[in-house]
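Just follow the structure's listing: the first ligand is 1, and inside any ligand the first atom is 1.
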Amino acid sequence: MLVVQKFGGSSLATLERIRHCAQRCVAVARDRDGDRVVVVVSAMSGETNRLIGVANALVQPEAHEVHRGPYVPSAVRTPEHERELDQLMATGEIVSAALLAMAIQGAGGRSLSLVGRQLGMQTDRSFGRAKILGVDTARILAELDAGSIVVCAGFQGTDAHGDTTTLGRGGSDTSAVALAAALGADVCEILTDVDGVYTTDPRVVATARKIERLSYEEMLELAGQGAKVLQIRSVELAMRYGVHIHVRTSLDDRPGTMIVPEEPAMESILVSGVALERNEAKVTLLGVPDVPGVVATIFAAMAALDIIVDMIIQNAGADGRADVTFTVPEGELDRATAALATVQFGERPPTITSDREICKISIVGLGMRTHAGVAAKAFGLLAAEGINVQMVSTSEIKISVVVHERYGELALRALHDGFGLATAAAPAV
Ligand code: ADP
Ligand code: ASP
Ligand code: MG
């Protein structure tokens, strides 16, 4: 049996925790007789943010804010700077990989660490969000054959020039799944600071319940809508290559959540999870000429900057004008509005406004495919709390609403509890 175990940043936050993870790796290799173990590590918690902060403070002292989005906004966006930022960020994982390998050796195991280039993680050259092109597993397999527990630095790869790249924030999950797929691992364990995937973020909603089995499709939607327990790309990869993911705690041996292909019983559950995404911002263009091609021009401007647009609403107004509203990651708002200011709309340009004080709540469930009335119920639950819905979007198994940031957690709780996801109340004593 071959197991890939990924330890997240919080599991490696202190030397004591690193020793604990090392003991766990040694125990897995010993207990499950003959098991081969490939470990993937994140940087020690907070380290990646610290490194980005240092780079930003160096080049643009006033830009200290760090956003946690699908890629890393840096103060300077030149390719040269982004190359160096990847080089810098990758050091976080290199440090934890080397420390864990030493700790495993200290715990009586045989181990060595490998950085992106050594572990054969080949990517394109999109710094900060590199795509994996393939994994050359020769070195890892040779080290496994030699009896080592192989500790791989997550989050990083190498491009055709041998330059270091990174896979986007939270990317160690994707490293782990890619390695599990390439090595044909039996399972990819994601060891983190929660004991599984919950019906919503247990740090935000105390009544959240652990889910035992969840389909790839649902996890994909939850991860895409703010449940950062797994990076969305890791779920996409797992789905494509049939990698079984087991999300569990690094603290003990309790089983966590299995992410698996859809099972027939899953469709009977209307809503399986609710997610909150805080890092969204809204752009509104009032009075856009309502003629073919104008909307295309707006979104071409966003695409040219690689800005990912999420929800879009267009209302035809009077007088041959229309209003267009859309959302972008909050860290991209300034670039988005600056780009729109340069678009040529003709004689009567639209009024452009933006709003950072929004957030998005999404409810996800396979049962939505076959049950009507989910949206009506969701709107009813929000209305009962006096929460105004600003935007809505749906997919086959998801409904997302944008509300004022102030009501985000209230809306999350109202939908979570309203759809019956809360744990049963603690028995009265
Ligand atoms: P790691 O450092 O192990 O990669 P992350 O911080 O990236 O850990 O992910 C784990 C965190 O994800 C949890 O601490 C929890 O707050 C958050 N989270 C968000 N949504 C969920 C959810 N639905 N289930 C479990 N955890 C969630
Ligand atoms: N250390 C990286 C980050 O903070 C990658 C990861 O933790 O998965 O985004
Ligand atoms: Mg993570």
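- The proximity of Thr200 to ligand 1, defined as any non-hydrogen pair under 4.0 Å, is limited to the backbone.
- A salt bridge links Arg356 to Asp334: at least one charged side-chain nitrogen sits closer than 4.0 Å to a carboxylate oxygen.
- Between Lys228 and Asp201 no salt bridge is recorded (no basic side-chain N to carboxylate O distance below 4.0 Å).
- Those atoms of ligand 1 that come under 4.0 Å of a heavy atom in Gly9, given as number and element, are 1 (P), 2 (O).
- Within ligand 1, the atoms closer than 4.0 Å to a non-hydrogen atom of Asp193 are 10 (C), 11 (C), 13 (C), 14 (O), numbered from 1 in the order shown.
- Heavy atoms of Pro202 come nearer than 4.0 angstrom to ligand 1 in at least one pair.
- Residue contacts with ligand 2 include Gly171, since one of its heavy atoms falls under 4.0 Å from the ligand.
- Nearest to atom 5 (C) of ligand 2 by heavy atom, out of Arg169, Glu93, Lys228, Gln231, is Glu93.
- Proximity of Val194 to ligand 1, defined as any heavy-atom pair under 4.0 Å, is confined to the side chain (atoms from C-beta onward).
- Contact annotation: for Ser172 versus ligand 2, heavy atoms closer than 4.0 Å belong to both the backbone and the side chain.
- Between Glu47 and Arg50, at least one side-chain nitrogen of the basic residue sits less than 4.0 Å from a carboxylate oxygen of the acidic one, meeting the salt-bridge criterion.
- Ser11 pairs by the side-chain hydrogen bond (donor to acceptor under 3.5 Å, both in side chains) definition with Ser250, not counting sequence neighbours.
- The existence of a salt bridge linking Glu82 and Arg125 is excluded, since no basic side-chain nitrogen approaches an acidic carboxylate oxygen closer than 4.0 Å.
- Which parts of ligand 1 touch Gly8 is read off a 4.0 Å heavy-atom cut-off, strictly below it: atoms 1 (P), 2 (O), 3 (O), 4 (O).
- For the pair Pro261 and Tyr216, the tightest heavy-atom approach, listed with the atom from each and the gap, is N-CE1, 3.5 Å.
- The only option from Ser42, Cys25, Ser172 that meets the side-chain contact (heavy atoms from CB on, under 4.5 Å) definition with Phe7 turns out to be Cys25.
- In summary, Glu262 and Arg213 do not engage in a salt bridge, as defined by a charged side-chain N under 4.0 Å from a carboxylate O.
- Between the choices Val274, Asp201, Thr257, Ile190, the shortest heavy-atom distance to atom 20 (N) of ligand 1 belongs to Asp201.
- The closest approach between Gln231 and ligand 1 stays at or above 4.0 Å for every heavy atom of the residue.
- Note on Glu236 versus Arg240: no salt bridge recorded, every NZ/NE/NH1/NH2 to OD/OE distance being 4.0 Å or above.
- By the 3.5 Å distance cut-off applied to N or O atoms, Val197 is not counted among the residues near ligand 1.
- Atoms CD1 and CG, from Ile352 and Leu340 in turn, are 5.0 Å apart once rounded to the nearest 0.5 Å.
- The pair Asp173-Arg233 does not meet the salt-bridge criterion, since no charged nitrogen lies less than 4.0 angstrom from a carboxylate oxygen.
- Any N or O atom pair closer than 3.5 Å counts here, and Arg203 shares at least one such pair with ligand 1.
- The shortest separation from a heavy atom of Gly170 to ligand 2 is under 4.0 Å, placing the residue in contact.
- Within the 4.5 Å cutoff, the side chain of Arg139 has no heavy atoms near those of the Val150 side chain.
- Contact analysis puts Ser10 in contact with ligand 1, with a non-hydrogen atom separation below 4.0 angstrom.
- Taking a 4.0 Å cut-off on heavy atoms, Ser172 fails to register as neighbouring ligand 1.
- Each of the atoms 20 (N) of ligand 1 lies under 4.0 Å from some heavy atom of Ala227.
- For ligand 2 and Ser42, the ligand atoms under 4.0 Å from any heavy atom of the residue are 6 (C), 7 (O), 8 (O).
- Considering both main-chain and side-chain atoms, Phe155 never comes within under 3.5 Å of ligand 2 through any nitrogen or oxygen pair.
- Backbone and side-chain nitrogen or oxygen atoms of Tyr198 are examined, and one is located within less than 3.5 angstrom of a nitrogen or oxygen of ligand 1.
- Taking every heavy atom of Lys6 and a limit of under 4.0 angstrom, the matching atoms of ligand 1 come to 4 (O).
- The residues Arg83 and Asp159 are annotated as not salt-bridged, no charged nitrogen and carboxylate oxygen being separated by less than 4.0 angstrom.
- Residues forming a side-chain hydrogen bond (donor to acceptor under 3.5 Å, both in side chains) with Glu84 (at least two apart in sequence, or on another chain): none.
- Of all the heavy atoms of Glu47, none lies under 4.0 Å from any atom of ligand 2, so neither backbone nor side chain is involved.
- Of all atoms in ligand 1, numbered sequentially from 1 with element shown, those under 4.0 Å from a heavy atom of Lys228 are 7 (O), 9 (O), 19 (C).
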